[in-house]
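Computed over heavy atoms, backbone and side chain alike; hydrogens, waters and symmetry mates excluded.
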There are 2 protein chains.
Amino acid sequence: MNAEIIAVGSELLLGQITNTNAQFLSQHLAEIGINVYYHTVVGDNSSRLLDAVKQAEERADLLIFTGGLGPTKDDLTKEAIAAHIGRPLVYNDEALRSIENYFKRTKRPMTPNNKKQALVMEGSLVLANDHGMAPGMMIKGEKHFYMLLPGPPREMQPMFIEYGKPALLNVLEKVEKIESRVLRFFGIGESALETEVEDLLLAQQNPTIAPLAGDGEVTLRITAKHESESAALQMIQEAEEEILSRVGEYFYGYNDTTIARELAERLKETSYTVAAAESLTGGLFQSEITAIPGASSFFKGGIVCYSNEAKEALVQVKKETLTRHGAISAECAIELAENARQLLKADFGISFTGVAGPGEAEGQPPGTVWIGLSSKYDQTKAFKLELAGSREGIRKRSVKYGCHYLLAALARNK
Amino acid sequence: MNAEIIAVGSELLLGQITNTNAQFLSQHLAEIGINVYYHTVVGDNSSRLLDAVKQAEERADLLIFTGGLGPTKDDLTKEAIAAHIGRPLVYNDEALRSIENYFKRTKRPMTPNNKKQALVMEGSLVLANDHGMAPGMMIKGEKHFYMLLPGPPREMQPMFIEYGKPALLNVLEKVEKIESRVLRFFGIGESALETEVEDLLLAQQNPTIAPLAGDGEVTLRITAKHESESAALQMIQEAEEEILSRVGEYFYGYNDTTIARELAERLKETSYTVAAAESLTGGLFQSEITAIPGASSFFKGGIVCYSNEAKEALVQVKKETLTRHGAISAECAIELAENARQLLKADFGISFTGVAGPGEAEGQPPGTVWIGLSSKYDQTKAFKLELAGSREGIRKRSVKYGCHYLLAALARNK
């Protein structure tokens, strides 16, 4: 089965946004063995959209559309496709209810144009939108399958994973199963990791092993094909074991997880608690671990001690420490981590202090970072980092290092 | 002049990378008045590339290609286009020299396939590659212009700005100036805003007004075309004034700004300081405003009081408040905002408490949010929100509402 991905939206042609949906869908279609030979982007214009559809019908079996399902006059994908394949649009009660509930919940007046979002092609499989209003749909025309998905990635991605991908697997008479697993690593560079597994990368046929680097992390995607799903999974398992026997110390999780989420899960399992004092990172560490549902079970709270007054007043850092060593010092990081832990009666205390940039501070260059780690079990430590990159990059990678150190400490104190 | 952007590379169709080149080129083409009606992505396959080229020739005057200029067998864009328009490939001495110098500089052996990168279409305008090896080129065929650019953004972007864009301006007979401005709104829904300006959207010709919604915000992009830049800007100015006369209370900034950044800028201008106490948002508000360089001038610090113990121990919320009204209450929000302000000796104090979900808390549903706002100037207020959506969406929109309320308070106390 060959697919073409058609993104509809003038904002793409004006360069206001980039077409990340095509990348996301291409990855998942490749996983289930659907070939993608073309991506097309077309504006909010019926006749040009129709031209793109006719063109795609000549070269693909499956047309996947993103965008143009919303309430406004610009949103015309559904109407254009329905007219093209001659299916009437009918109201979908479930979608209509969820749209009405959305406005009830948000206590906002429901303007008439919103009702339009509940229209679906008669006879289509409706794909629920769990993160927005406009439902998606899949329908079989005379010769082609058409799947319509919303444009916003936060609506489109879960809809495709939850409902779209399973619907496609249903219509595929597939013999060969394709299984895939991503291993995530932190604390090792891409080339260093590739050197460790170079022979595997060179020898790869099935399973394939694809490295990818970004945001200070490296991932390896293992993909195996086999008639039997269990055999494919077994092939992945063996490749994973070989890889982890070499670079396991840097491995932190699978697929789309994050190091903050893995830390949160380990804390839940071990029922240890953590408190934080953040200067450099300004609350980023705490906001990331509290993004995880159930964070209250392991996180009591912390302080964002951005100024020296705050370090003294809220975290009781000694004035002498700040005057003698400065705020960007091992001594300050250690006091912050210890005092945060004791103030919140937590098992672990972590602190972040340093220079995010763009300018220097206390005569130290951007990227100078001290992370303090205090616990009931180990002696309090301070880790120094010298990071390169933007202010935001330095803040984000500092938080990842903090999670990395905490995960190691949890492993030691299992 | 109409253009089509054709990205060549199987890695795009496999979802290994996203096509940021199309966004970059679209922005710059719009600036110089070249309309882009389609983006196409095709793999490293001559016949499919040729089909895409023929298709594009039917609907565009200018075909811009990215990718496929490198040394490997997969790189076939140049060869395919040269054969298609019947131009021989000849060695470009300058390009050849710079490739040889590159290998001298990097002390690496120059493999023969690298010489291939110095081949250009006879009679083409060669676009130097200052950040890589493969040069770009532009050539006029019978009816169309063809511009070939390298795939890596760090090579393509400077090449287009330095040589590609000027070459296009040369061939454009009359450059109609296109100016564009984005107005950003918060606190009003997309359809509600569209209802307010519907007549403008219906009447629009030049300037055009394009709405876009996402992440709880709505934007209107005003785009005007005129031979004179100042006239185009004047047209935008008039449209903006008409729009703001209707929905100005929800307007917060221009183009790519964020509401957190605008808040930071207003705080810097007014030299007011702010402190925060975050429960619901777990540090997200503080991490967003400290993402702005120079945050230390207006932000002293704050508390992430995720547990009730932390609310009592770190922000001195009265036990009675928590037992009688609960943590998710106007009373708690008010004490948190007032105490945070006084603890940090700040001009403004803001607090966030509520239920991010997925589960309910204190018998209240996810999306129940109280935001407290305290200042030396007004009586302390608590704002209640009932938000829908995911845990992360509720946290993010709560932070935006907090910025929204603070901006309004700053405006009152200018």
Side-chain angles (χ1 to χ4, degrees), chain A residues 10-20 22-24 26-27 30 36-43 48 55 71-72 102 105-109 111 113-114 131 152 281-284 286-287 290-291 293 295-296 299-307 309-310 313-314 343-344 358 391-392 395, chain B residues 12-15 18-20 22-24 26-27 30 36-43 48 55 189-192 194-195 210-212 214 221 281-284 286-287 290-291 293 295-296 299-307 309-310 313-314 343-344 358 367 386-392 395:
Chain A
S10 300
E11 65 275 20
L12 289 155
L13 297 178
L14 288 166
Q16 291 169 9
I17 57 174
T18 183
N19 186 12
T20 56
Q23 179 184 16
F24 174 87
S26 297
Q27 277 174 356
V36 178
Y37 289 139
Y38 297 93
H39 297 166
T40 298
V41 178
V42 59
R48 284 195 286 272
Q55 170 69 15
T72 77
Y102 175 87
R105 273 204 315 283
T106 57
K107 299 246 185 335
R108 282 161 46 196
T111 52
N113 54 352
N114 277 294
H131 301 271
T281 45
L284 188 59
Q286 297 174 82
S287 77
T290 56
S296 50
F299 179 68
K300 297 180 163 187
I303 301 99
V304 181
C305 44
Y306 211 61
S307 61
E309 308 101 278
L314 296 182
L343 280 165
L344 277 308
R391 176 181 177 89
E392 202 45 23
R395 282 159 46 96
Chain B
L12 288 156
L13 297 177
L14 289 167
T18 184
N19 186 12
T20 55
Q23 180 184 16
F24 174 87
S26 297
Q27 280 174 351
V36 177
Y37 289 139
Y38 297 92
H39 296 166
T40 299
V41 179
V42 58
R48 283 195 288 272
Q55 170 68 16
E190 180 180 23
S191 36
E194 284 199 23
T195 313
L212 187 68
R221 171 175 289 257
T281 45
L284 187 60
Q286 297 174 84
S287 75
T290 55
S296 50
F299 179 67
K300 297 180 164 187
I303 302 97
V304 181
C305 46
Y306 211 61
S307 61
E309 306 102 278
L314 296 182
L343 280 165
L344 278 308
E386 284 161 326
L387 302 176
S390 66
R391 177 181 176 88
E392 201 47 23
R395 284 159 44 98

If you count heavy-atom pairs within less than 4.5 Å of chain B, which of [options] leads?
{"options": "A/Gly301, A/Ala291, A/Pro71", "value": "A/Ala291"}
{"options": "A/Leu13, A/Val42, A/Thr20, A/Leu344", "value": "A/Leu13"}
{"options": "A/Thr111, A/Asn19, A/Leu343", "value": "A/Thr111"}
{"options": "A/Ser307, A/Ala295, A/Gly282", "value": "A/Gly282"}

Options [options], ranked by heavy-atom pairs under 4.5 Å with chain A, top entry:
{"options": "B/Gly189, B/Ala310, B/Ser191, B/Ala30", "value": "B/Ser191"}
{"options": "B/Pro211, B/Gly367, B/Pro293, B/Cys305", "value": "B/Pro293"}
{"options": "B/Gly302, B/Pro358, B/Gly283", "value": "B/Gly302"}

Interatomic spacing from [atom1] in [X] to [atom2] in [Y] - rounded to 0.5 Å:
{"X": "B/Leu212", "Y": "A/Gln16", "atom1": "CG", "atom2": "CD", "answer": "6.0 Å"}
{"X": "B/Gln23", "Y": "A/Leu14", "atom1": "CD", "atom2": "CG", "answer": "10.5 Å"}
{"X": "B/Glu194", "Y": "A/Thr72", "atom1": "CD", "atom2": "OG1", "answer": "5.0 Å"}
{"X": "B/Leu284", "Y": "A/Gln286", "atom1": "CG", "atom2": "CD", "answer": "11.5 Å"}
{"X": "B/Leu314", "Y": "A/Lys300", "atom1": "CG", "atom2": "NZ", "answer": "11.0 Å"}

Toward chain A, the part of B/Glu386 with a non-hydrogen atom under 4.5 Å: both
Please look at B/Ala388 and chain A and tell me whether the side chain, the backbone, both or neither of the residue comes under 4.5 angstrom of a heavy atom of that chain. both
Please name the pair of heavy atoms, one in B/Thr290 and one in A/Arg391, separated by the smallest distance, quoted to 0.1 Å. O-NH2, 2.7 Å
Closest contact, heavy atoms only, B/Tyr306 versus A/Ser296: CE2-N, 3.6 Å
Could you tell me whether a side-chain N or O of B/Arg395 sits under 3.5 Å from a main-chain N or O of A/Ser287, the two making a donor and an acceptor? yes
Would you confirm whether A/Arg48, through its side chain, and B/Tyr38, through its main-chain N or O, come within 3.5 Å as a donor-acceptor pair? no
Does any backbone or side-chain atom of A/Thr281 lie under 4.5 Å from a heavy atom of chain B? Answer side chain, backbone, both or neither. backbone
